[in-house]
Amino acid sequence: QVQLVESGGGLVQPGASLRLSCAASGTIFSIRAMGWYRQAPGKQRELVAGITSEGRTYYGDSVKGRFTVSRDNAKNTVYLNTVYLQMNSLKPEDTAVYLCKSSPYDNIDWVTTGDYWGQGTQVTVSS
């Protein structure tokens, strides 16, 4: 089992920055890719950013150049991985619930039985 806990959301003005964190605990040796999705009211869930176990990153088209994903991997048997999402130049259309996901494969967009999701953190961009 893997537990994912997000933090860092909030209400900001357009143009501001936020940094989201997602702490993974439990059987993290099973985790390969980690990433972030978002879901706005009335819209489909969309991939924001992903990062593989080797640090290769990829982004949704709407956030390229503004968002950066990174991760800290546990180096020993203390089971903790953390993935971050640095969001700059935020726009009102970035408003959504941001959810963290872990995958046992190095492709965060695959749907597998070993996927885990966090509860989500709300990001609201408004003046």
All pairs passing ring pair (Phe, Tyr, Trp, His ring centres under 6.0 Å) where residues 37-69 contributes a residue, at least two apart: Tyr37-Trp117
Remaining members of hydrophobic cluster (4.5 Å side-chain criterion), Val111: none
Whether Glu6 side chain and Gln119 backbone form a donor-acceptor pair below 3.5 Å: yes
Pairwise side-chain contact, Met87 with Val123, heavy-atom cut-off 4.5 Å (strictly under): yes
ILVMFWY network linking Leu20 to Val63, side-chain heavy atoms under 4.5 angstrom: yes
Working for side-chain contact (heavy atoms from CB on, under 4.5 Å), residues Trp36 and Val69: CA-CA 8 Å; Trp36 293 92; Val69 63; 4.1 Å; yes
Chi angles and distances behind the salt bridge (Lys or Arg N to Asp or Glu O under 4.0 Å) call for Asp94, Lys91: CA-CA 5 Å; Asp94 294 318; Lys91 305 175 181 180; over 6 Å; no
Hphob cluster co-occupancy, Val97 + Val83, side-chain heavy atoms under 4.5 angstrom: no
Any donor-acceptor pair under 3.5 Å from Arg45 side chain to Arg38 backbone: no
Verdict with supporting geometry, Ser53 and Met34, side-chain contact (heavy atoms from CB on, under 4.5 Å): CA-CA 8 Å; Ser53 58; Met34 297 186 74; over 6 Å; no
Candidate pair Gln3 and Gln1, rule side-chain contact (heavy atoms from CB on, under 4.5 Å), full reasoning: CA-CA 7 Å; Gln3 295 78 43; Gln1 292 283 333; 3.6 Å; yes
Hydrophobic cluster membership, Leu85 vs Tyr116, 4.5 Å side-chain cutoff: yes
Rounded distance [0.5 Å steps], CD1 in Ile108 versus CG in Leu47: 8.0 Å
is_close_aromatic(Tyr105, Trp110), centroid dist under 6.0 Å: yes
Ser103 (side chain) donor-acceptor with Asp115 (main chain) under 3.5 angstrom: no
Co-membership, hydrophobic cluster, residues Ile51 and Leu18, 4.5 Å side-chain: yes
Option passing side chain to side chain contact (heavy atoms under 4.5 Å, CB included) with Arg71 (candidates Thr52, Ile31, Thr82): Ile31
Common cluster, Leu4/Val48, ILVMFWY with side-chain heavy-atom separation under 4.5 Å: yes
Thr112 side chain near Pro104 side chain, heavy-atom distance below 4.5 Å: yes
